[in-house]
Amino acid sequence: MKWTKSFIQTLREDPGDAEIDSHKLMVRAGLMKKVAGGLWTYLPLGMRVLNKVQRIVREEMDRAGALEIVMPILQPAELWKTSGRWETMGPNMFRAKDRASHDYALSPTAEEMVTEMVKGIVNSYRQLPVTVYQIQWKFRDEIRPRFGLMRSKEFLMKDAYSFDTTLEAADKSYMAMFEAYKRIFSRCGLKAYPVEADTGDIGGKFSHEFHVLAEAGEDGIAFCDACGYAANLEKAERKAPSCDDPACGAMEVIATPGAKTIAEVSGFMGVAGSAFVKSLIYNVDGRPVMVCVEGHREVNEVKLKHFLNAKKLELADYDMVLRASGANAGSVGPVKPADASLRIVADFALRGAKGRIVGANKDDYHIKNVDLDRDTSIKPEDYADLTIVQSGDICAKCGKPMIIKRGIEVGHVFKLGTKYTDAFKAAYKTDDLKEQVMVMGCYGIGVSRTVQAIIEQSHDGNGIIWPAAVAPYQVVIENLDPDDAEVTRTADELEARLETSGVDVIVDDRAERPGVKFKDADLIGFPVRVVVGAKGLKAGGIEIKRRDEDKSQLKIVPVVEAEAAIKAALV
RNA sequence: CGGGGUGUAGCGCAGUCUGGUAGCGCGUCUGCCUUGGGCGCAGAAGGCCGUGGGUUCAAAUCCCGCCGCCCCGACCA
C-alpha cells in the first residue's frame, strides 16, 4: 500500500472532546472519526485493526471448537418477552417498529435468539454439546456513552453460546472458552486478568470477567497478591471482621444541627467516621428496608440485592425515608424507626457493635453509645457482607490484605445454567428417552473495546505502539526521496517482497519532509519503521527501527539483507 | 434524568463581561526555497459565529426557548 493512495488523516492536536489517551490517539492517528455521541466511523486504519482482532478471535474460537454463525441485529420482541427481558432491559435496549407496528429489539446481546435457534435443531443428546458464536454489531442505549470506544451505543461484540447436557459437561465448555480467551488476549498483545464477577442482567450463577488494568478503566477490581484472588468490586468479598467493641453506657441523644453527611457529623463531634453507623433506606420491590454499614464504608447494592433476593432495588425517595424512619435523610438510624415493622439489615462488620453513633430518626439529632444488640431490632440472620471492599480489607480466601486496581472489561464468560433454556423449553432427549433442559453458557468479547484497550495499555508520548499481530500495517517504509528513482525503486521492491511473504506494509511516498513522516509513523505506531533515503543508500544501506526502541537502537543493513532483518525485527 | 461546562473556518482556540462590518495557530491550495524529527518566505481560498425567536439604529456579543457535544453524578444520609 502506498500512503498517497490510502486515506489517512492525522491530527497534530488532541481532539477537544477526548479525555483519555487511547481515545485521543485513536482520533489523532486517524483510526476513527466521531459521528455523534457514542457512534463512530472506523476509518481504513482503524478498520484494519478491527479486522485483525476479529481474525484472532475467529481462529481461537474455531480452535476451541466453537462454530461461527451470524444472527440478525433486528430481533422480534416476542423472543424478548419470552425471557422477560423485554421489560427488564428497560431503556437500555433500542427498540424499533416495522410498518405493521410489530416490535423489535436492536440486539444488545442474543441469548434469546440463539436459544430459540438451537431448540429448533437439537432433539437428542447425540447432538450435544455445541458451541456457536458470532461477531456482530450490538446496540445499547447507554446512560452515558464515553471515552471513545470504551462505552459506545453501537459496538462490535463476539458472543458465543454453549449448550450441554449436564452441569458437568457445561463446565467443560466454560473452561474451553476460558482458555480460548486467555489465548485471544495474549495474541492481541494484551495482559488481561480473569476476575470473578457478578452476572448482572444476563443472569446465571457464576462468571469471570477479563480485565485489562488501566487507570481509565471503569471497573474496580480487588486483588490478593498472596493467593491470586481477583474479583470485581461488585462481587469481591472480604473476611468477616471481628468486632470487639467494649461495653458502653446508656444511649444519649445529641443535637447535631445542620450536619447531615457522615463527614459533617464526624467533624462536628470530632469523632472518626468509622465510629458511626451509616443508615440508608432502600426501596426494595416497593417496600422500605434500612441498611446499616460502618460510617466509612459504602453499600454494595449488588450484594444487597442478592441478599434480599430483590428484583428491583433503589434508594428510597424522600417520602419513603420520612415514613419509614421519621426523619429526613441525614438523621436516619436503626434505633426505633417510625415504622416499627421496618426490616433492618446490617453489614457483618457491625455484628456485636457497641458504643456507635447513629442517626436519631429525628432531624438534626444523633444518638451515641448505641449497642446494636441491646438497642436495635436487627435480627442475627440479617447481618451479612453488604459493603464494597476497600483497599487493605482481608481476603476471604487466604486472610491477607487485598489491593484495589482499575480495569477495562474486555471479555466476560458466564455459566448460565438453565435460565434461558427453561424459558424457551429448550430440551433434548436423553439416552433413556427422558426430556431434559439443556445447560447453557455464554461468552462475550468487546472487539471494538479491545482495540482501544490495546492502545490504552500500549502507547507513549509520541503515539500508539501496536503489537505486531494487530497493527494496521506491521511495517512502514519511509521513502525519504520519492523523486529519486533509485530510492523509490529500492523502497518499492522491498514493499513487494514483504507483501509477497505476507507482511503488511505501507510505503510513505508523500513529498513531505522527513520530520513530518517520522512524527506520523510514531503517532500511528507501526511496529517496524524502515527508512530508505538517498543518503542512507550511498552510505551503504537502509535503516530499521522498532517502534518500541529508541533511536540509539536502530540498525543499518545492506539492501540485500533488509527483508530478513525486517522480519527478524517483527518477532 | 440532575449538576457543571461548551458550541466561532477541516482541526485546536481567542473575541462575548463592556453590542459597532469576524481573528489567531495548524491544516489546505499556488509559487519560491529547503530536505533525517511537525523548515522558511510570499500569496490565496475557506465561516448563516449550533438553532429558533426577542431587545436594539445595530447582536458572535444582551434576553428567552430548543438542539448538539464533553465532564461529574444519577443512592452514600
Side-chain angles (χ1 to χ4, degrees), chain A residues 9-20 23-24 27-28 30 33-39 91 141 143-148 256 258-266 273 276-284 289-302 304-305 313-318 320-322 324-325 327-334 347 357-361 363-364 366 386-388 462-463 478-484 487 508 510-523 529 531-537 539 542-543 545 550-551 554 556:
Chain A
Q9 180 203 37
T10 59
L11 302 176
R12 290 193 182 212
E13 286 168 293
D14 287 335
D17 57 6
E19 201 71 13
I20 64 175
H23 179 192
K24 292 175 185 169
V27 175
R28 276 192 63 202
K33 189 164 171 59
K34 187 166 77 182
V35 173
L39 298 173
D141 195 355
I143 296 174
R144 185 150 80 89
R146 57 181 149 182
F147 300 153
T256 50
K260 288 207 177 302
T261 65
I262 294 289
E264 286 163 3
V265 184
S266 76
F276 289 80
V277 172
K278 183 153 73 178
S279 307
L280 314 173
I281 308 283
Y282 276 90
N283 180 340
V284 181
V289 174
M290 185 184 294
V291 182
C292 297
V293 302
E294 290 176 288
H296 64 297
R297 288 199 168 263
E298 297 186 0
V299 172
N300 183 326
E301 291 192 353
V302 174
L304 181 63
K305 197 169 173 183
L313 176 149
E314 59 188 3
L315 211 64
D317 59 25
Y318 293 113
M320 188 182 269
V321 171
L322 192 59
S325 72
N328 285 299
S331 303
V332 173
D347 184 57
I357 301 160
V358 307
N361 295 322
D363 283 354
D364 292 332
H366 281 73
L386 296 178
T387 60
I388 296 173
N462 293 319
E478 298 292 0
N479 178 343
L480 291 193
D481 301 283
D483 293 335
D484 181 313
V487 169
D508 188 349
R510 293 176 298 170
E512 290 286 351
R513 295 168 61 85
V516 172
K517 297 181 163 197
F518 293 152
K519 286 287 185 189
D520 275 344
D522 285 350
L523 174 61
R529 187 187 79 192
V531 178
V532 183
K535 274 189 201 166
L537 287 185
I542 64 167
E543 173 191 310
K545 187 183 95 66
D550 68 35
K551 271 186 269 187
L554 63 80
I556 312 274

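In what follows, every chain begins at residue 1, and chains take the letters A, B, ... in the order their sequences are listed. None of these values were measured; they are calculated from a predicted model.
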Task: Residue whose closest nucleotide on RNA chain B lies nearer the 5' end, A:Val293 versus A:Gln9 - done: A:Gln9

Open item on the list: According to side chain to side chain donor-acceptor pair (under 3.5 Å), who are the partners of A:Asp520, at least two apart in sequence or on a separate chain?
Closed with: A:Thr10, A:Arg510

- [ ] Select base, sugar-phosphate, or nothing to describe what A:Asn328 touches, counting heavy atoms under 4.0 Å on all strands.
- [x] nothing

Open item on the list: Which residues pass the side chain to side chain donor-acceptor pair (under 3.5 Å) test with A:His366, not counting sequence neighbours?
Closed with: A:Thr256

Task: Pairing residues for A:Arg28 by the side chain to side chain donor-acceptor pair (under 3.5 Å) criterion, not counting sequence neighbours - done: none

Open item on the list: Under 4.0 Å, heavy atoms only, any strand: does A:Glu314 hit a base, just the sugar-phosphate, or nothing?
Closed with: nothing

Open item on the list: As a test of reading the structure: which of B:rC11, B:rU34, B:rG38 is closest to the side chain of A:Arg513, going by heavy atoms?
Closed with: B:rU34

Task: Under 4.0 angstrom between A:Lys519 side-chain N/O and B:rG37 OP1 or OP2 - done: no

Name every donor-acceptor pair, under 3.5 Å, that has one atom in a side chain of residues 276-283 of chain A and the other anywhere in the protein, sequence neighbours excluded.
unit_1	atom_1	unit_2	atom_2	d
A:Lys278	NZ	A:Arg297	O	3.0
A:Tyr282	OH	A:Glu301	OE2	2.9
A:Asn283	OD1	A:Gly286	N	2.8

- [ ] Can you sort out the partners of A:Arg513 under side chain to side chain contact (heavy atoms under 4.5 Å, CB included), two or more places apart, ordered by chain and number?
- [x] none

Open item on the list: Suppose we define a pair by two distances each less than 3.5 Å, Watson-Crick or G-U wobble; what does B:rG43 pair with here?
Closed with: B:rC29

Open item on the list: For a quick check of understanding: with a heavy-atom distance under 4.0 Å over all strands, which category does A:Val321 fall into, base, sugar-phosphate or nothing?
Closed with: base

Task: A:Leu480 CG - B:rG37 C1' separation (whole Å) - done: 11 Å

Task: Partner nucleotide of B:rC49 by Watson-Crick or wobble geometry (both distances under 3.5 Å) - done: none

TODO: Calculate the interatomic distance between A:Ile556 atom CD1 and B:rG36 atom P; express it in whole Å.
DONE: 14 Å

Task: Nearest-nucleotide 5' precedence on RNA chain B, A:Lys517 against A:Leu280 - done: A:Lys517

TODO: Please report, rounded to the nearest Å, how far the P atom of B:rC76 is from the CG atom of A:Leu304.
DONE: 15 Å

- [ ] Please work out if A:Gly330 contacts a base, only the sugar-phosphate, or nothing of the nucleic acid, heavy-atom cut-off 4.0 Å.
- [x] base

- [ ] Using the C1' atom as the reference point in each nucleotide, state the distance between B:rU51 and B:rC13 in Å, no decimals.
- [x] 22 Å

Task: Atom-pair distance (CG on A:Asp481; P on B:rU34), nearest Å - done: 14 Å

Task: Test item: A:Asn361 side-chain N/O and A:Ala327 main-chain N/O as donor-acceptor pair under 3.5 Å - done: no

Task: Side chain A:Lys517, main chain A:Asp508, donor-acceptor under 3.5 Å - done: yes

- [ ] Output all residues satisfying side chain to side chain donor-acceptor pair (under 3.5 Å) with A:Asp481, sequence neighbours left out; order by chain, then residue number.
- [x] none

Is there any protein nitrogen or oxygen under 3.5 Å from a nitrogen or oxygen in nucleotides 69-73 of chain B, and what are the pairs?
unit_1	atom_1	unit_2	atom_2	d
B:rC69	OP1	A:Gly37	N	2.9
B:rC69	O3'	A:Lys34	NZ	3.1
B:rC71	OP2	A:Arg144	NH1	3.4
B:rC72	OP2	A:Arg144	NH1	2.9
B:rC72	OP2	A:Arg144	NH2	2.3
B:rC72	OP2	A:Arg146	NH1	3.4

Task: Closest to the A:Val516 side chain, choosing from B:rG10, B:rG36, B:rG38 - done: B:rG38

Open item on the list: In this structure, how many angstroms lie between the P atom of B:rC11 and the NZ atom of A:Lys24, rounded?
Closed with: 18 Å

- [ ] Hey, could you give me the CD/CE distance between A:Glu314 and A:Met320, rounded to the nearest 0.5 Å?
- [x] 8.5 Å

Open item on the list: Using the side-chain heavy atoms of A:Arg28, tell me which of these nucleotides is nearest: B:rG37, B:rU34, B:rG38.
Closed with: B:rG38

TODO: Any chance you could measure A:Arg146, atom CZ, to A:Glu19, atom CD, to the nearest 0.5 Å?
DONE: 10.5 Å

TODO: Using side chain to side chain contact (heavy atoms under 4.5 Å, CB included) as the criterion, list what pairs up with A:Asp347, not counting sequence neighbours.
DONE: A:Arg238, A:Val293, A:Ala349, A:Asp385, A:Leu386, A:Thr387

- [ ] Give the rounded distance in Å between these two atoms: CG of A:Asn283 and P of B:rA74.
- [x] 17 Å

Open item on the list: Strictly under 4.0 angstrom, non-hydrogen atoms only: write out the protein contact profile of nucleotides 25-32 of chain B, one letter per nucleotide from the 5' end, B, S or -.
Closed with: BSS-----

- [ ] Take atom CG of A:Asp508 and atom P of B:rG37, then tell me their distance rounded to the nearest Å.
- [x] 15 Å

Open item on the list: Would you measure the distance from the P atom in B:rG50 across to the matching atom in B:rA45 and give it in whole Å?
Closed with: 23 Å

Open item on the list: What is the separation between atom CG on A:Leu386 and atom P on B:rC75, rounded to the nearest whole Å?
Closed with: 18 Å

